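Along the sequence shown, the residues carry numbers beginning at 1. Note that this is a predicted model, so its numbers are computed, not measured.
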Amino acid sequence: MSIPPVQSGVPVLGSEKEGNFRDVDAKLPLETSRSDQSESDDESYNAKNPFLDPEVAAHWKAVYEASSYESRHEFDPDLTWTAEEEKRIVKKLDWRVCLWACVMFFGLQVDRGNLVQAVSDTMLTDLKLSTDDYNYGNTVFLIAFLLAELPSQLISKKIGPDRWIPMQICLWSLVATFQCFLKGRADFLATRALLGALEGGFIPDIVLWLSYFYTSKELPIRLSYFWTTLSVTSVVASLLAYAIFHLSGVAGWAGWRWLFLIEGLVTLLVGVASFFEMPASAVQTKTWFRPNGWFTDRETAIVVNRVLRDDPSKGDMHNRQAITPRRLWESMKDYDLWPIYLLGLVAYIPQAPQTKYITLVLKSSGFDTFTTNLLTIPASVFHIITLILLTRLSEWVQERSLVSMLQSVWTLPCVIALRVWPGIITDRWGTYAVVTTLLSYPYCHAILVAWTSKNSNNVGTRSVSAALYNMNVQLGNVIANFVYMADDAPLYKRGNSILIGINVLCIVLFILTKLYYMWRNQQRDKVWNAMTEDERKDYLHNTKLQGSRRLDFRFAH
């Protein structure tokens, strides 16, 4: 049997150059071939099983044993299951794993995003802060967040995200709560720095945890639910702010102080509960407070093997294994992931200033505090819808670059309108319509995060690449904080001109990224197809290269 190249951890089938698995389906039990109906519309489940070749199975079994992979005892190349079983298991994973990931993200977004609501109240006036001070606070937060990304990911990989993430949430919730005692500029900047340092790394940490339970095809959709929580949180936070601001004057406190106190305590409850809601892996759901675990023995085996068959490299490290300095360096210099990092740097800049300034812009247009917070809700609702639709479209057409580019196509005319339309600010409802349309953009972040994970092809690389990608996103947010400056207010013509240029750049980069990965795959096809079958087998068993640097790996685009 010839050995095909691998595309994101799964054998590529269907042509002479891609391998010869044509006779596989005829040898497989009927119930196994049926099970793929929940996995893929165009490939049978068994054809996707890279362990059908005994030599491949033996190779990976040895890898799992050498790495002390925590689920190695469940590895079974011959295990079969039905589509109905898999559907039930995925639904259980969604309720147990994905839902709680969303709850934790709610805790993150409440504490890092409630500053937008706070400044719609009297916070800037009470603390004698200017809009530039507000920008500096956001910048300090983002720089601390950025610098904490990689260290947090290394800690998470060493002690496990199931331990580190709850610790993070509890720590930052305490800082968030004590913002109610802010006295001035120094306190404001200090707490923003602490929040950034403690929250940094949370997102790649949670993506790593989710990857233990979901296949590469399922992950983007679950991440879309994850980032849908951002918009849901914005809606809930706006409603909470509307209610909490009515406490203004109670105990002599302004409404924004009550906002920080109440929402910080809510996040603390989420952090404490997370210690009990995050198992380390599918084989570690049984514990003293959960004696029956989440799965039966058979379900556990299915969860483990479906993930390994999708990406065998997920078992080349155990979930309490630190990343060595050498592996860290190898991951950082993997230039084939740099195009996605560059997209993360620039793709979210065009809409970032409006996200942070929407309440200030609406107040400048003449809306009061309560109305301003309520008016932010429609954009969040539309954002949820477009986010899910974009991610579903990417899954349906199996396309990442061009589908993600739709985000930039959406925002470009809105940014142009902000720059050239004479009714900005003076026509308050027209301004509201433009800003709401802009902030309803289809968010491609879930696609890019899963794309980074998919093209890493290695647990160690995946841990580092998730952090590096998110670091670039935060660096882009830092840049975005200096687009709208006080001397350009209130129309921000210079800032919007910059945003137009960056938006056009984003569209060009999405196209170039697709062309780059197509070119890299063609390069590898040429070398791989020139090798004999024995040379391919020798390469697979003896190469020291890891992750996306392997010759048998094909990049998703």
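Counting heavy atoms from C-beta outward, Cys170 and Leu268 have side chains that approach closer than 4.5 Å. In this structure the side chain of Arg494 reaches within 4.5 angstrom of the side chain of Asp487, judged on heavy atoms. Taking 4.5 Å as the limit, every side-chain heavy atom of Thr215 sits out of range of all side-chain heavy atoms of Asp311. Contact of the Leu512 side chain with the Pro339 side chain is not registered, since no non-hydrogen atoms from C-beta on lie closer than 4.5 Å. Within the 4.5 Å cutoff, the side chain of Val381 has heavy atoms near those of the Val235 side chain. The shortest side-chain heavy-atom distance between Ser152 and Phe202 does not fall under the 4.5 Å cut-off. Annotation: side chain of Pro279 is in contact with side chain of Arg290 (closest heavy-atom distance under 4.5 Å). At least one side-chain heavy atom of Met485 sits less than 4.5 Å from a side-chain heavy atom of Asp132.
In this structure, Arg192 contributes its side chain and Thr139 its backbone to no donor-acceptor pair below 3.5 Å. Listed for the Asn503 side chain is no donor-acceptor partner under 3.5 Å among the backbone atoms of Pro350. No side-chain donor-acceptor contact under 3.5 Å links Asp205 to the backbone of Ser156. For Asn319 (side chain) and Ala280 (main-chain N/O), a donor-acceptor pair under 3.5 Å exists by modelled atom type. When atom types are taken as modelled, the side chain of Thr411 and the backbone of Ser408 share a donor-acceptor pair closer than 3.5 angstrom. Tyr469 places no side-chain N or O within donor-acceptor distance of the main-chain N or O of Pro204, the cut-off being under 3.5 Å. With hydrogens and angles ignored, the 3.5 Å screen pairs a side-chain donor or acceptor of Asp133 with a backbone N or O of Ser130. Here the side chain of Asn135 pairs a donor or acceptor atom with the backbone of Tyr484 at under 3.5 angstrom. Using modelled atom types, one side-chain atom of Gln407 and one backbone atom of Cys444 make a donor-acceptor pair closer than 3.5 Å. In this structure a side-chain-to-backbone donor-acceptor pair under 3.5 Å is missing from Asp121 to Met123.
In summary, Arg320 and Asp162 engage in a salt bridge, as defined by a charged side-chain N under 4.0 Å from a carboxylate O.
Taken from CH2 in Trp410 to OG1 in Thr437, the straight-line distance is 7.5 Å, to the nearest 0.5 Å. Summarising the geometry, atom CG belonging to Leu189 is positioned 10.5 Å from atom CG belonging to Asn138; distances are rounded to the nearest 0.5 Å. The CG atom of Leu393 sits 7.5 Å away from the CD1 atom of Ile447 when rounded to the nearest 0.5 Å. With rounding to the nearest 0.5 angstrom, the SG atom of Cys414 is 11.5 Å from the CG atom of Asn496. We find the NE2-OG1 distance between His383 and Thr228 to be 8.0 Å, quoted to the nearest 0.5 Å. Distance check: Gln168 CD to Ile206 CD1 gives 9.0 Å after rounding to the nearest 0.5 Å.
Residues Met278 and Pro161 approach most closely at CE-O, 3.6 Å, considering heavy atoms. For the pair Ala101 and Leu210, the tightest heavy-atom approach, listed with the atom from each and the gap, is CB-CD2, 4.1 Å. Between Pro220 and Thr391, the closest heavy-atom pair is O-CG2, 3.3 Å. Closest approach of Ala241 to Gln117, counting heavy atoms only: CB-CG, 3.5 Å. Listed here is the closest heavy atom pair of Trp256 and Gln179: CZ3-O, 3.9 Å. The minimum heavy-atom distance between Gly196 and Ala148, with the atom names listed, is O-CB, 4.2 Å.
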Evaluate the side chain to side chain contact (heavy atoms under 4.5 Å, CB included) criterion for residues Leu265 and Leu261: first the C-alpha distance (whole Å), next the side-chain angles of each, then the deciding distance (0.1 Å), finally the verdict. CA-CA 6 Å; Leu265 293 176; Leu261 175 65; 4.1 Å; yes
Where do Leu438 and Val434 land on the side chain to side chain contact (heavy atoms under 4.5 Å, CB included) test, with the steps shown first? CA-CA 6 Å; Leu438 174 61; Val434 173; 5.6 Å; no
Walk me through it: do Ser394 and Leu390 pass the test side chain to side chain contact (heavy atoms under 4.5 Å, CB included)? CA-CA 6 Å; Ser394 177; Leu390 187 77; over 6 Å; no
Check the pair Val464, Met332 against side chain to side chain contact (heavy atoms under 4.5 Å, CB included), reporting the backbone distance first and the verdict last. CA-CA 7 Å; Val464 177; Met332 294 179 68; 4.1 Å; yes
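The aromatic rings of Phe213 and Trp209 sit perpendicular to each other, their planes meeting at more than 60°, with 30° as the lower class boundary.
Around NZ of Lys333, the count of heavy atoms belonging to other residues, nucleotides or ligands within 6.0 Å exceeds 12. The number of heavy-atom neighbours closer than 6.0 Å to CZ of Phe275, taken from other residues, nucleotides and ligands shown, is above 12. No more than 12 heavy atoms of other residues, nucleotides or ligands sit less than 6.0 Å from atom NZ of Lys493.
Of the N and O atoms on the side chains of Tyr214 and Asp94, at least one donor lies less than 3.5 Å from an acceptor on the other residue. Under the 3.5 Å distance criterion, with hydrogens and angles disregarded, a donor-acceptor pair is assigned to the side chains of Thr267 and Asp111. Defined by atom type and a distance below 3.5 Å, a donor-acceptor pair is missing between the side-chain atoms of Asp427 and Trp421.
Side-chain rings of Trp429 and Tyr432 approach one another, their centers coming within less than 6.0 Å. The aromatic ring centres of Tyr443 and Tyr441 sit less than 6.0 Å apart. Close placement of the Trp253 and Phe181 rings is indicated, their centers lying within 6.0 Å of each other.
Among Val449, Thr452, Asn470, the one residue that satisfies the side chain to side chain contact (heavy atoms under 4.5 Å, CB included) test with Ser465 is Thr452. Each of Phe226, Phe105, Trp451, Trp227 was scored for a ring pair (Phe, Tyr, Trp, His ring centres under 6.0 Å) with His445, with one residue passing: Trp227.
Scored by the ring-ring contact (aromatic ring centres under 6.0 Å, His included) test, Trp164 finds no partners at all (sequence neighbours excluded).
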